[in-house]
Every structure is written in C-alpha cells, then in structure tokens.
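Just the heavy atoms: all of them, side chains too, but no hydrogens, waters or symmetry mates, feed the values below. If you're wondering where the values come from, they're calculated on a predicted model, not measured in any experiment.
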Amino acid sequence: MESQAPHPPPPETSHTDARLKIYFLPNVLTGANLFCGFVALTKIVEWDQSSNYRDIQVALIFILMAAIFDLLDGRVARMGGAESPFGREFDSLADIISFGVAPAFLVYRIVLREVFATHQELGWFIASIYVLCGAFRLARFNCLAAQAGSGGGREFLGFPIPAAAGLVASLTLLMMRLNELGWMEERFSRSKWRYALPVLMLFLSWMMVSEVKYPTFKKLDLRATRTFTRTLLAVLFIGSVVVLRERILYWVLPLFFTTYLIYGFIRPRVSRKVRHEIEDDDEDEPSLPY
C-alpha cells in the first residue's frame, strides 16, 4: 500500500483574526495620519528652493493634521473598547513617518543643508539622530505597553514624538510668518533663526529618549460634567482661536507644545491637587511609564 504524506493542519483563520482585532474606525484614523505624513513628504520633495515657501507651509499643515488624527485614533479606540496590539503597531509605523521622517527631512531641506553647506553630512546626521531617537521612543513605548498587557496608563516616558513634531512644525510656521511680516531682514533659510531649529532638533531627540514623564491625558472623560467656569473658558478659548486664527494661531500652537514640553520638568514639583486639576486623572489607576 502506497504511503501518503500527512496533510498539514488547516489554517487557524478565525483564531488569527480574533487575535489581531483589526478595528475599522481607529485604524482608518491611523491611516489618515500616515496619509498626511506621506503628503507632507511629497510637498517637501516638490518644493523648489528658488520659489516661495508655499509647499513647505502645506507640508507643515499636513504634519499638524497628522497629529490631530493621531490624537483621535487612540481616543476613539479607548472610547469604543477597540484597543489592540495591531492598532498599537500600526500607529507606531504611521508615527515614525509623519512625526519622525517628515519633520527631520523638512528641517534638513530648508535649514540644515544651508547651515552646513560645506559639510552637509553634519546636516543629515543631525536629522537622522531625530529619526533614530523617535524610532527608539516608539519601540520602547510598544515594549512597555506589551509587558504591562495594555496600551493604557497615565504617563509617557519621554517626550511623545507627535508633540515633538508638532513643536517643530508650529515653530517653523511661526518663523516663516515672522519673515512674511518683515520681522526678519533676510530670507528665513538665511536668517539667524535658522540655527534655532538644529539645536531644537537635538534637544527634542534627547527628550524623546529621556526618562522625563509626561501625562497622557488618556483619562480625560469628554462626557463628564464640568464646572460652569471651566466650560465657559474652554468655549471662549476655542471661539477666539477660530475667529482670530489668522492672527493668533501662529502663536497659540508653539505656545501649546512648548508649555507641554516644559510641564514635564516642573510636573514633579507641582502639588498633587494642582496636578489632578490639570491632568484630571484617576488617582486609583496605576501609573505605567509608557
């Protein structure tokens, strides 16, 4: 009797699909984040150095839009109970493009290649440090989250890469705005302000891999009741930004990201009551350093 080779076991399709848990809406928002990062890179590549900075401004806006989508995808996942390892990994892949490669390439293209015109290898080396530290930051986040068995937690370990990219993008927009208003005598890429961005990139690179802790604000409950004063101030602030966006938006965004950066340093010295009011967290939830 002719022997037959044993048949391989049937693939565990249903088990694999259940383990991956690819939720639709959070991953669509993550995909929008990645799309914005790709468009930003495209605009940076298309920018003609002899022309104006229209393409660069569009690229910066798309980086900031990617930050908004990155904020929404996590909140939607948590509100719907749709957090999963797949979503966490997909989010990190999108983040390294939108908040790592795109800002680093942008700063290199408009500033670093001219600052280090005679030694351009220094320019791309500084940009690569930012990308490497951002990737290290995301990998560390995923490892800590996997060890804890959840993507939750009330603290980030190190400055988050979306906030770092938001600070770089908003400050660049502000500098370009000041140049348009004539506050800088030379073109932006040739002015003395060009030295600020390389220093900022190196500082943010260090901050991303540091052990300074930042609140995640993941426990903010949008459905919770608020005091009348807090609600009124929030409405007035949002309304003023919408109405006066052309005048104050260039200042509000850098101020917002800079305040968050500084808050990590002063946070350990803030009283628990004040910290609770700012972060609005749950004291009973354990703090995990993500």
Engineer: Side chains of D70 and F99: does their closest heavy-atom pair fall under 4.5 Å?
Structural biologist: yes
Engineer: What distance separates S170 OG from I61 CD1, expressed to the nearest 0.5 Å?
Structural biologist: 12.5 Å
Engineer: Might you point out which heavy atoms bring I96 and G134 nearest each other, and give the distance in Å?
Structural biologist: CD1-C, 4.0 Å
Engineer: Taking the side chain as everything from C-beta on, heavy atoms only, tell me whether T172 gets closer than 4.5 Å to I110.
Structural biologist: yes
Engineer: Between CD1 of I44 and CG of D55, what distance do you get to the nearest 0.5 Å?
Structural biologist: 10.0 Å
Engineer: Quick one: are Y53 and W47 in side-chain contact, heavy atoms under 4.5 Å?
Structural biologist: yes
Engineer: Going by heavy atoms in the side chains, are F90 and P26 under 4.5 Å from each other?
Structural biologist: no
Engineer: Give the minimum heavy-atom separation between C133 and V209, together with the two atoms involved.
Structural biologist: O-CG1, 3.6 Å
Engineer: So, do F38 and L34 sit near enough that their side-chain heavy atoms are less than 4.5 Å apart?
Structural biologist: no
Engineer: What is the minimum heavy-atom distance between P215 and F156, and which atoms define it?
Structural biologist: O-CD1, 4.1 Å
Engineer: When rounded to the nearest 0.5 angstrom, what is the spacing between CD1 in I129 and CE in M201?
Structural biologist: 9.5 Å
Engineer: Restricting to non-hydrogen atoms, name the atom on R267 and the atom on E155 that form the minimum distance, rounded to 0.1 Å.
Structural biologist: NH1-OE2, 3.0 Å
Engineer: Please give me the minimum heavy-atom distance between P160 and Y260, naming the atom from each residue.
Structural biologist: CG-OH, 3.8 Å
Engineer: Look at the aromatic rings of Y108 and F105 and report parallel, tilted or perpendicular, splitting at 30° and 60°.
Structural biologist: parallel
Engineer: Is it the case that over 12 heavy atoms from other parts of the model lie below 6.0 angstrom from the CZ atom of F265?
Structural biologist: yes
Engineer: Would F125 end up clustered with L202 when hydrophobic side chains under 4.5 Å apart are linked, directly or stepwise?
Structural biologist: yes
Engineer: Quick check on the hydrophobic clustering: are I56 and I97 connected, directly or via other members, by side-chain heavy-atom contacts under 4.5 Å?
Structural biologist: yes
Engineer: Tell me, yes or no, whether the heavy-atom count around F35 atom CZ, taken from other residues, nucleotides or ligands under 6.0 Å, exceeds 12.
Structural biologist: no
Engineer: Starting at CG of D73, measure out to OG1 of T30 and round the result to the nearest 0.5 Å.
Structural biologist: 3.5 Å
Engineer: If you count the non-hydrogen atoms of other residues, nucleotides and ligands that lie under 6.0 Å from CD in E121, is the total more than 12?
Structural biologist: yes
Engineer: Under the 3.5 angstrom rule, does the side chain of R140 hit a backbone N or O of L157 as a donor-acceptor pair?
Structural biologist: yes
Engineer: Restricting to non-hydrogen atoms, name the atom on L171 and the atom on P254 that form the minimum distance, rounded to 0.1 Å.
Structural biologist: CD2-CB, 3.7 Å
Engineer: Is L144 reachable from L93 through a run of I, L, V, M, F, W or Y residues, each pair having side-chain heavy atoms under 4.5 Å apart?
Structural biologist: no
Engineer: Are F159 and Y214 an aromatic pair, judged by ring center distance below 6.0 Å?
Structural biologist: yes
Engineer: If Ile, Leu, Val, Met, Phe, Trp and Tyr residues are connected whenever their side-chain heavy atoms lie under 4.5 Å apart, and connections chain through other members, are W206 and L132 in the same group?
Structural biologist: no
Engineer: Do F256 and F203 share a hydrophobic cluster, counting only Ile, Leu, Val, Met, Phe, Trp and Tyr and linking them when any side-chain heavy atoms are less than 4.5 Å apart?
Structural biologist: yes
Engineer: Start with the C-alpha gap between Y130 and V107, add the side-chain angles, then the distance that decides, and say whether side-chain contact (heavy atoms from CB on, under 4.5 Å) holds.
Structural biologist: CA-CA 11 Å; Y130 177 86; V107 174; over 6 Å; no
Engineer: Supply the atom-to-atom distance L253 CG to T258 OG1, rounded to the nearest 0.5 angstrom.
Structural biologist: 10.5 Å
Engineer: Going from CG on L41 to OG on S98, what distance comes out if it is rounded to the nearest 0.5 angstrom?
Structural biologist: 8.0 Å
